[in-house]
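Reviewing the structure listed below.
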Amino acid sequence: MSCPDCFAGHIHSGTPKGHVTTLHGLETYVSEPEDVAKNEVKGIVVIIPDAFGWEFVNNRLLADHYADMGKFRVYLPDFMHGSAAPVWTIDTLRAVQRTKMLWDWITKPYHIASLIYGVGGFMITNRPGKSYPIVESFFKSIRHSSEGHLSLGAAGFCWGGKHTVLLAHGAHTTHDNGETKNLIDAGFTGHPSMLTLPGDIEKITLPVSFALAEFDVQLGEAKRGVLKNLMEGVEERVGGEVKVYLGAGHGFCVRADTNVDDSARQCGEAEVQAVEFFRRYFNKV
């Protein structure tokens with residue numbers, strides 16, 4: 001999670017249409033599909049976000065898109081307990097990377113210190129060993145709630161991608177009647193970070209869709225090749241897919257520059273990839 005691209009990108013314009021509530025102990029942004037009765041949703045998708053967390057406008061707009069495109073109920077919880085990377089680090093990182101003028105070099109130490117302050121707390125507090133139990137607990141609570149019978153998916157981005165893959169290792173819960181149920185029925189992850197190869201892929205027992213970027217420091221060409229080869233076996237056993245977006249960089253699913261045609265198109269295609277994948281596997285449940 002230490003690559004600069006994890007904290008780079010563009011902030012999208014728009015007004016999220018959902019609402020905020022407390023759900024299973026966490027503050028949660030909830031987006032419902034328009035013109036669909038609550039008892040007619042096609043399933044639940046829980047977004048496990050990138051470093052900028054549940055309040056980041058890009059992540060909330062993405063939740064709205066999933067809700068309307070897929071007719072899903074979408075939850076975006078505060079898995080980070082208020083310790084997400086602050087959005088201002090996007091501009092601070094740009095300032096660190098500027099080198100054209102003398103002033104850029106004079107102010108660089110200040111911007112580096114600010115970046116360390118903004119990012120350091122997030123990275124320490126939200127390491128997977130500490131954050132994954134929070135994520136897992138939320139999904140267990142859903143399974144034990146009145147919504148537990150609905151199809152349930154996880155969509156993880158960057159930081160959230162690791163957690164989605166861990167859930168796909170077969171995380172499950174047992175009800176009072178002895179019935180055992182997987183915490184998710186399917187997972188989608190865009191430009192995941194912190195994956196351990198080959199172990200994290202070899203342990204997958206549930207269908208996962210990967211949207212990967214061609215130019216991604218987290219999953220470069222060599223690692224991407226290993227992942228694709230491992231996923232061939234996973235696809236044969238339980239289903240899944242890997243799609244590589246040529247020309248895209250890390251963060252393209254969430255923080256793409258939508259003013260650039262190719263970036264906007266790839267961002268939209270990744271949304272369609274996720275929605276269609278969930279539809280396919282939710283229908284099998």
Side-chain angles (χ1 to χ4, degrees), residues 21-32 38-49 53-54 59 63 66-67 70-81 125-157 159-189 192 194-196 199-210 231 234-235 237-240 274-275 277-285:
T21 188
T22 299
L23 189 66
H24 306 304
L26 297 179
E27 285 192 282
T28 303
Y29 176 78
V30 180
S31 187
E32 299 273 3
K38 287 184 179 291
N39 61 348
E40 294 180 352
V41 296
K42 303 300 183 183
I44 297 172
V45 173
V46 179
I47 292 181
I48 312 175
W54 80 296
N59 290 325
Y66 282 2
K71 308 307 177 187
F72 307 134
R73 178 173 299 128
V74 183
Y75 295 145
L76 173 57
D78 181 15
F79 289 124
M80 303 169 188
H81 287 174
T125 304
N126 297 292
R127 58 192 184 278
K130 185 175 181 179
S131 56
Y132 177 71
I134 299 171
V135 172
E136 186 179 61
S137 176
F138 187 86
F139 280 85
K140 283 185 177 180
S141 294
I142 293 178
R143 281 302 195 203
H144 285 273
S145 73
S146 60
E147 299 180 310
H149 64 286
L150 294 173
S151 298
L152 181 57
F157 301 89
W159 176 86
K162 172 79 171 184
H163 298 76
T164 298
V165 171
L166 292 177
L167 288 168
H169 288 173
H172 59 275
T173 189
T174 302
H175 294 276
D176 293 339
N177 63 4
E179 178 189 10
T180 298
K181 193 138 179 107
N182 290 322
L183 297 189
I184 63 171
D185 298 301
F188 168 83
T189 176
M194 303 181 293
L195 292 183
T196 300
D200 280 349
I201 306 303
E202 290 176 333
K203 295 175 184 177
I204 291 176
T205 62
L206 297 167
V208 179
S209 173
F210 287 84
M231 279 299 295
V234 174
E235 290 169 28
R237 288 188 286 108
V238 299
V275 168
F277 189 78
F278 285 129
R279 280 176 174 166
R280 188 187 320 154
Y281 283 95
F282 283 7
N283 288 335
K284 294 182 179 181
V285 177

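Because only heavy atoms are used, hydrogens play no part in the values below, and waters and symmetry mates are left out as well, while side chains stay in.
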Of all heavy-atom pairs linking Tyr29 and Ala63, the shortest is CE2-CB, 4.0 Å

Worksheet item: Can you tell me if Arg143 uses its side chain to pair, donor with acceptor, with the backbone of Gly148 under 3.5 Å?
Response: yes

Tested for side chain to side chain contact (heavy atoms under 4.5 Å, CB included) against Phe139, the lone hit among Ile48, Asn182, Thr173 is Ile48

Is the shortest side-chain heavy-atom distance between Glu136 and Leu166 below 4.5 Å? no

* Asked: Do the ring planes of Phe282 and Phe72 sit parallel (below 30°), tilted (30 to 60°) or perpendicular (above 60°)?
  -> perpendicular

Value for OG1 (Thr174) from NZ (Lys181), rounded to nearest 0.5 Å, stands at 12.5 Å

d(Glu40 CD, Arg73 CZ) to nearest 0.5 Å is 11.0 Å

Q | Side-chain heavy atoms of Ser209 within contact of Tyr281, under 4.5 Å | A | no

Query raised in the report: Is the closest side-chain heavy-atom distance between His169 and Ile204 below 4.5 Å?
Result: yes

Heavy-atom nearest pair, Pro192 first then Gly161, reads CB-CA, 3.9 Å

Taken to the nearest 0.5 Å, the spacing of Ile142 CD1 from Leu150 CG works out to 9.5 Å

So CG of Asn126 and NE2 of His163: to nearest 0.5 Å the spacing works out to 7.5 Å

Shortest non-hydrogen pair, Leu26 vs Pro77, comes out as CD1-CB, 4.0 Å

(message) Tell me whether Asp176 at atom CG has more than 12 heavy atoms from other residues, nucleotides or ligands lying less than 6.0 Å away.
(response) no

So, do Val238 and Leu206 sit near enough that their side-chain heavy atoms are less than 4.5 Å apart?
no

Here the pair of heavy atoms bringing His175 nearest to His144 is ND1-ND1, 3.6 Å

**Phe188 vs Phe157 side-chain heavy atoms within contact, under 4.5 Å** = yes

Q) Should we count NZ of Lys42 as having more than 12 external heavy atoms under 6.0 Å? A) no

### Query
If we only count heavy atoms from C-beta on, is the Leu76 to Pro49 side-chain gap below 4.5 Å?
yes

May I ask you to test the Phe278-Asp185 pair for a side-chain heavy-atom distance under 4.5 Å? no

Query raised in the report: Short question: side chain of Asp78, backbone of Gly53 - any donor-acceptor pair under 3.5 Å?
Result: no

Checklist entry - When you look at Met231 and Ile201, which way does the side chain to side chain contact (heavy atoms under 4.5 Å, CB included) test go after all the steps? => result CA-CA 7 Å; Met231 279 299 295; Ile201 306 303; 3.9 Å; yes

To the nearest 0.5 Å, atom NE2 of His24 lies from atom CD of Glu147 at 6.0 Å

- Please answer whether the main-chain N or O of Pro133 pairs with a side-chain N or O of Ser137 as donor and acceptor at a distance below 3.5 Å. no

When rounded to the nearest 0.5 Å, the distance separating CZ of Arg279 from NZ of Lys71 is 8.0 Å

Note: Ala154 and Leu167 closest approach over all heavy atoms is CB-CD1, 4.0 Å

One pair to check against side chain to side chain contact (heavy atoms under 4.5 Å, CB included): Lys162 and Thr196. What are the steps and the verdict?
CA-CA 9 Å; Lys162 172 79 171 184; Thr196 300; 3.7 Å; yes

The residue among Leu152, Val45, Thr28, Ile47 that forms side chain to side chain contact (heavy atoms under 4.5 Å, CB included) with Tyr75 is Thr28

- Query: Does any non-hydrogen side-chain atom of Trp159 lie less than 4.5 Å from one of Met194?
  - Reply: yes

